[in-house]
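What follows is a set of notes on a single structure, which appears directly below.
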Amino acid sequence: MTETEIITSLCPMYGSRFGYALSNGTVGVYDKTARYWRIKSKNHAMSIHAFDLNSDGVCELITGWSNGKVDARSDRTGEVIFKDNFSSAVAGVIEGDYLLDGHAQLICCSVDGEIRGYLPGSAEMRGNLMDTSIEQDLIRELTQKKQNLLLELRNYEENAKAEVSSSLNEADGQRGIIPANTKLHTALSVNLGNETQAAHAELCISTSNDTIIRAVLIFAEGIFLGESHVVHPSIHSLSSSIRIPITPPKDVPVDLHLKTFVGYRSSTQFHVFELTRQLPRFSMYALTSPDSASQPLSYVNFTIAERAQRVVIWLHQNFLLPEDTNIQNAPFQVCFTSLRNGSQLYIKIKLSGEITVNTDDIDLAGDIIQSMASFFAIEDLQVEADFPVYFEELRKVLIKVDEYHSVHQKLSADMADNSNLIRSLLVRAEDARLMRDMKTMKNRYMELYDLNKDLLNGYKIRCNNHTELLGNLKAVNQAIQRAGRLRVGKPKNQVITACRDAIRSNNINTLFRIMRVGTASS
């Protein structure tokens, strides 16, 4: 799974559920790979913990915040069922038998050293720990509705006054009121950019009449800083349409939640249209004319039992194709250019259902295969693949890993020899001191000083070597995972297991054969 920010905390919950916290103030709950819910705060989650506070048999997600708040949220809905406040930031949330009565309590500590313990709710309070009854909740909800209706009524009254006061001026008479049949149209397309602007996906929002768009708020995960973006055109450039550049950093489908303010130039109040539009997974690829000279050498090849027309539907759902695109029946090929780096992507389909994807990006190839497998509900898929440039880089990394292992063993042996020498020099220095041979004692301690310096330098080299070794081992592990993502189901697991076995037995040629054809046998 991929989240939008750095993960700061994880905690196990009930069954396969787990809670998580991000550095941007987001907390939530996953069940396996599916996210149940999440909330985002302007404060930071300092600590999360799973604890059954309302005695319903299921743990709630307890969060301690940087503003001193502690809250307990339902693992199913994210609804707050209990909250408390400290005078300073929460330092930690744990559970323990503080009262030594055989039962666990929830214990929270602030950075100022204040500690509070919380007992689980009694059977009578089961499921309701807030200090309000159902009647009080209902009164508060109805009061909120009343305030909203009064505010709406006041807006209508102000609009009516504006109409009366400006009845001589028809344009002003429409201030704050838009025609009932006003509709909002959205369209996604690819913009190849120019000298001043890089290539990007583009969202076009327009109204169905002469009303203008005053502002647009977009909420989307992983695209904008802070997950939101506001477009507010200057008063001189207001129009009935607006174009917004979007540059997703990764190839994942994203829901764009839009709030659009629509009115007239003279409006002081605006009608807000709310709608959701999904950005396709591969929106950062533009359809281009095939050029055999620029076709990538790397490829994946597989066969699926699907009609070519279904593959065309998949293309339309996952890429931003121009409206006039007409893809003929198999055999056919389509070519795309990446808006990020200009690399080429070819997808070829034969009558037999054989599909070849040409790209030098092994991650992109994996994303395409996983997307197709999900769309066509493919459970098992074996693939033939070859990425010469990437495999050559991996070969160099594996050679480096061997070198670092050799250096590590040599440094460890040198350190062991020096340790034995230190013991010997210490004994000799002490013998010289007892015999009052100060000159020899001084020489021995000078030798010890130099040897200690050598040991420290050797330790630094060993640390650097270890860091480089870990970095290269991580690259090898990522390569195995990437090779696995080129397959689906059992073949995926078999490839990952076989690759690890090949690494363990230091059989590099077998490793590359497995990555190419999925099995160790030639």
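Positions are given from 1, in the same order as the sequence printed here.
Residues passing the salt bridge (Lys or Arg N to Asp or Glu O under 4.0 Å) test with R395, sequence neighbours excluded: none. A search for salt bridge (Lys or Arg N to Asp or Glu O under 4.0 Å) contacts involving D255 returns nothing, not counting sequence neighbours. In this structure, the salt bridge (Lys or Arg N to Asp or Glu O under 4.0 Å) partners of D75, at least two apart in sequence or on a different chain, are R17.
Nearest approach of V230 to L217, heavy atoms of both residues: CG2-CG, 4.1 Å. Contact between T8 and A45 at its shortest, heavy atoms only, is OG1-O, 4.5 Å. Listed here is the closest heavy atom pair of A21 and V27: CB-CG1, 3.9 Å.
Using modelled atom types, one finds a donor on one side chain and an acceptor on the other under 3.5 Å when comparing Y20 with E3. Counting only N and O atoms by type, the side chains of T337 and Q344 include a donor and acceptor under 3.5 Å apart. Judged by distance alone, the side chains of T467 and N464 never bring a donor and an acceptor atom under 3.5 Å apart.
A salt bridge between R487 and D380 is absent, with no side-chain N of the basic residue lying under 4.0 Å from a carboxylate O of the acidic one. Using a 4.0 Å cut-off between a side-chain N of Lys or Arg and a carboxylate O of Asp or Glu, E5 and K40 do not qualify as a salt bridge. Salt-bridge formation is not detected for the pair K400/D402: no Lys NZ or Arg NE/NH1/NH2 atom is positioned less than 4.0 Å from an Asp or Glu carboxylate oxygen.
For the pair L364 and Y285, the minimum side-chain heavy-atom distance is below 4.5 Å. Contact annotation: the side chain of L106 approaches that of V93 to within less than 4.5 Å [non-hydrogen atoms, C-beta and beyond]. With contacts defined as side-chain heavy-atom distances shorter than 4.5 Å, the pair I223/P248 qualifies.
In H466, the NE2 atom is not crowded: 12 or fewer heavy atoms of neighbouring residues, nucleotides or ligands sit closer than 6.0 Å.
The distance between the ring centers of F336 and F319 falls below 6.0 angstrom.
Note on ring orientation: taking the six-membered ring where Trp is involved, the planes of F224 and H229 are parallel (angle under 30°, cut-offs 30° and 60°).
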